[in-house]
Amino acid sequence: MSRPQSAPDVDLEALQAAAEEFLQLFHTENPAAGSAELRIAAVRREIDLTGTYWHTPDELVFGARVAWRNNERCIGRLYWRSLQVRDLRDVSTAGDVAAHCFDHLREAYNGGKIRPMISVFAPETPTTAAPRIWNEQLIRYAGYDLPEGKAIGDPRYRSFTTQLIQRGWRPPVSPGAFDVLPLVVETLAEGPRLFELPSSAVQEVELEHPELPWFAGLGLRWHAVPVISNNTLVIGGISYPAAPFNGWYMGTEIGARNLGDNDRYALVPEIAVRMGLDTSDEATLWRDRALVELNRAVLHSYRSSGVSITDHHTESRRFLIHLEREERAGRTCPADWTWIVPPLSGSQTPVFHRYYDDANAGPSFVTDPETVHRGLHGAPPAFR
Ligand code: ARG
């Protein structure tokens, strides 16, 4: 096909190439889907006519699953084929996006037997801007600066919380350590809009320790389902900026990082003191000992509440099985050592003791600095 000489569209060339590469992959891995050549020719015409193309439902499902398979940071990829894909590409208004996100949370929770799931909302096209979700995850806890230099809640979201309060969010009368932030959905037509999460969408686990009776008295909790909501799903050159997805938690994400990190809930010193450890001398390894008990509490509590969770030893072994399977299928498995190795007892897990392949092309979850900033600071808006 010929295009006007005066306006060679570099982006369309790139889109054609990305589409073709993806469709080749789709047909190679799905031989029953028919002729790659016919589909590629049809998509080429569609792009020439409209500047974009529409994935078939099967292509969307495959693309989303492969984006997970390609996610270098994820240790839990053994089950990538089981990802449930909610095709919501006809949903684009803020209220509808929010409502479907809340349905996603309920469906993914599934009474505690968490289902890996993605909801794919309207794509970016040459004529319509896709909706954006500002929050890093559908469920995140507010962080507040209190008078006298005190702080409460999740420090990671202090700035985000301040910004949402400026935009009209009313926090609870007495702010708590685990106040769920509203969801922010921005569309070109409506600007950013705030939606309070219904309690039916927010499942949480109260933390207790299997042997330390005082632990429950700390009043700690965490949400059951981690739904990452500010990554863009890219399949064959098409971007889906609103495509929240979840798996289930690995205990260390909560016990070693969210509750343990010094710039998050920073609970290790308090737990060490409650345990009666000697915190005056680093060489007693009081930090390590307290961190282990915090992680035991997380695993124990999710388990006894019947909410899916995995430990880092089991998950490391599963990841090596995944690597083997990928190799046997003739594929490389991209992985980032710094993300794959668990933050607790790294060298006790097999994933520590090896190197990994670098990222490949193909379906992926991506983010950009502005989106990252928006998820942490509630600005700048995507459409100005
Ligand atoms: N580390 C993030 C958190 O604690 C969640 C990232 C995704 N984790 C997962 N198991 N799918 O909130």
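Heavy-atom basis, side chains included; hydrogens, waters and symmetry copies ignored. Order of appearance sets the numbers: ligands from 1, and atoms from 1 within every ligand. Since the structure is predicted, the reported quantities are computational estimates derived from the model, not experimental observations. Residues take their numbers from the sequence shown, with the count starting at 1.
- Evaluation of the side chain to side chain contact (heavy atoms under 4.5 Å, CB included) rule for Ala129 yields Glu124, Leu188, Phe383 as partners, not counting sequence neighbours.
- Using a 4.0 Å heavy-atom criterion, the residues that approach ligand 1 are Gln137, Arg140, Pro226, Ile228, Gly247, Trp248, Tyr249, Glu253, Asn258.
- Checking side-chain atoms of Thr314 against main-chain N and O of Thr310 turns up no donor-acceptor pair under 3.5 Å.
- Cation-pi check for Arg65 over Trp80 is not met; the charged atom does not lie both under 6.0 angstrom from the ring centroid and within 45 degrees of its normal.
- The aromatic rings of Trp248 and Tyr79 lie tilted to each other, with the angle between the two planes from 30° to 60°.
- Of all heavy-atom pairs between Ala64 and Val85, the closest is CB-CG2, 4.0 Å.
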Subject >> Candidate pair His55 and Tyr53, rule ring-ring contact (aromatic ring centres under 6.0 Å, His included), full reasoning >> reply: CA-CA 7 Å; His55 291 126; Tyr53 70 104; 4.9 Å; yes
